[in-house]
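Take a look at the structure below.
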Amino acid sequence: MRRMVTQGFAVRRAFLRREFRRWSRGFSQLAAAEPSLAENGVPVSKLPPFDYSPPPYTGPSAAEILEKRRRYLNPSIFYLYKTPLNIVDGKMQYLFDDKGRRYLDGFGGIATVSCGHCHPDVVKAIVDQTNRLQHSTILYLNSAIADFAEALAGKMPGDLKVVFFTNSGTEANELAMMMARLYTGCHDIVSVRNSYHGNGAGTMGATAQSIWKFNVVQSGVHHALNPDPYRGVFGSDGKMYAKDVEDLIAFGTSGHVAGFISEAIQGVGGIVESAPGYLPAVYSTIKKAGGLCIADEVQAGFARTGSHFWSFEAHGVVPDIVTMAKGIGNGIPLGALVTTPEIAGVLTRRSYFNTFGGNPVCTAAGLAVLRVIEKEKLQENAHVVGSYLKKRLTALMDKHEIIGDVRGRGLLLGVELVSDRQLKTPAKAETLHVMEQMKEMGVLIGKGGFYGNVFRITPPLCFTKEDADFLVDVMDYTMSKM
């Protein structure tokens, strides 16, 4: 009798394990189950319904792809998860893996997907232009580059009317630094600690995190204190940080500089917005030193912050040069620099040419992105949904001591995890754990910051309040189970 009871319990346990595995696999697929309630009372909403199913995947397995990457690709490539995801399909704010499982994309290809994955208007513009003319050269006339340049200039304040197209944000920033040096006749550039501006010869010098800097010559860049309201030495006092720039110019340069480059909201640095009053004061100091002000809008531009189209606008300043990439093409390799006619003229001293900058396919895509942002009011959506998402994330601070700070604007948000709120000790291991668990439940987010302890939440701008609820509920549930 005892043996029969034991066998019965064994069968029941096996059945429950099988059912749990089946439930886990299907939790965040297209047809998620009814909302469940965790055993500790934390509600977990279901993945919002979405009317799209990707075609069956018939390509190589994740293991095969991983082996090829290890054998043939850059060995410094790293992965966000212990078991790398094989993403094969995307539609608007969702991604699909090789098994057909749906994920809510809270990272947007590192703040790159603006309109949404495979937005039909952008896809159509790319296909139509590719079918007609894939590439020629800017030595010939073509309407695609001219139309996009005109539209882009129309989104700029002041006399920022001349556009140079590039292939990436690094290339745009390299060009900006060179133009500032040519225009002023000075070599010194002021950057900000914790910033990221690229990995080229010049931009690596402007970048101010050791993890992104190789031991090669990086001359003429001075790094000022980061005006970080959370970790900075002066808290939210922007004018005190600006005084450091004055001192840096007075004691570290000839008194004249080529320029100042900064992100109004640092992306790679962990979604850190400059303290109030900092940028106006620094711009004034740089002007007195004969320099140009460069706004790096690679991650924060193109309506992502919601309140403004460009993140520098929230600080009441007008730069001399603006650089951009990522969201400009919704994933197409495209960057740009916009400046004044006077500054643009420095490149006529010699020949400046870019083979792929202004490619017809890329600029057609860029114009389509701009039109979609306007037509679908994605800036307004970024503001409304982003504000709602930030409010919900901030509310989690009352529940979870591990959340030290919630910051950012629109759909460019950061959540910093600390093991001690008073000491602000970076919770690096916990950050990785929460990311892993959220992925298992169907939510993808990024991480950043110097210590790697900040969640970077930068979804496509078509993100909805329902998506925001699901993301926060999954984060809440995961933290509650720690």
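Counting from 1, the numbers follow the sequence of the chain as shown.
For the pair Ile138/Phe353, a side-chain contact is recorded, criterion being any heavy-atom separation below 4.5 Å from C-beta on. When side chains are defined from C-beta on, Val443 does not count as touching Tyr103, because their heavy atoms never get closer than 4.5 Å. With a 4.5 Å cut-off on side-chain heavy atoms, Leu393 and Leu413 count as touching. In this structure, the side chains of Leu47 and Leu104 come closer than 4.5 Å at one or more pairs of heavy atoms. Between Leu471 and Phe463, some side-chain heavy-atom pair lies under the 4.5 Å cut-off. In this structure, Asn330 and Thr112 have side chains that are not in contact, with every pair of non-hydrogen atoms separated by 4.5 Å or more. Two residues are said to be in side-chain contact when any heavy atoms from C-beta on lie closer than 4.5 Å; Tyr183 and Leu292 meet this criterion. In this structure the side chain of Val192 reaches within 4.5 angstrom of the side chain of Gln266, judged on heavy atoms.
Side chains of Asp89 and Tyr52: a donor-acceptor N/O pair is present below 3.5 angstrom, by distance only. No side-chain donor-acceptor contact under 3.5 Å links Glu376 and Asn381.
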Quiz item: Given the rule in the side-chain contact (heavy atoms from CB on, under 4.5 Å) test, do Met475 and Ile445 qualify, once you have shown the distances and angles that lead to the verdict?
Solution: CA-CA 10 Å; Met475 185 180 291; Ile445 55 176; 4.2 Å; yes
Apply side-chain contact (heavy atoms from CB on, under 4.5 Å) to the pair Arg409 and Glu273, showing each step before the final yes or no. CA-CA 9 Å; Arg409 286 175 181 259; Glu273 183 166 16; 2.7 Å; yes
Step by step, would you call Asp244 with Lys239 a salt bridge (charged side-chain N to carboxylate O under 4.0 Å, His left out)? CA-CA 9 Å; Asp244 178 62; Lys239 291 185 178 179; over 6 Å; no
Might you work through the side-chain contact (heavy atoms from CB on, under 4.5 Å) test for Lys213 and Gln209, ending with a clear yes or no? CA-CA 7 Å; Lys213 295 169 78 73; Gln209 290 191 43; 6.0 Å; no
Does the side-chain contact (heavy atoms from CB on, under 4.5 Å) test come out yes or no for Thr458 and Ile110, once each step is laid out? CA-CA 7 Å; Thr458 57; Ile110 316 180; 5.9 Å; no
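The residues Lys424 and Asp420 are annotated as not salt-bridged, no charged nitrogen and carboxylate oxygen being separated by less than 4.0 angstrom. Between Asp121 and Lys375 there is a salt bridge, since a side-chain N of the basic residue sits under 4.0 Å from a carboxylate O of the acidic one. Between Arg407 and Asp228 no salt bridge is recorded (no basic side-chain N to carboxylate O distance below 4.0 Å). Under 4.0 Å is where a charged nitrogen must lie from a carboxylate oxygen, and between Arg392 and Asp469 at least one such pair does.
In this structure, Phe309 has its ring center closer than 6.0 angstrom to the ring center of Phe302.
With a 6.0 Å cutoff to the six-membered ring centre and a 45° limit on the axis angle, Lys447 does not count as a cation-pi contact of Phe455. With Phe50 as the aromatic partner, Lys91 does not meet the cation-pi criteria of under 6.0 angstrom to the ring centre and within 45 degrees of the ring axis.
Across Glu374 and Lys155, no two heavy atoms sit closer than the pair OE2-NZ, 3.4 Å.
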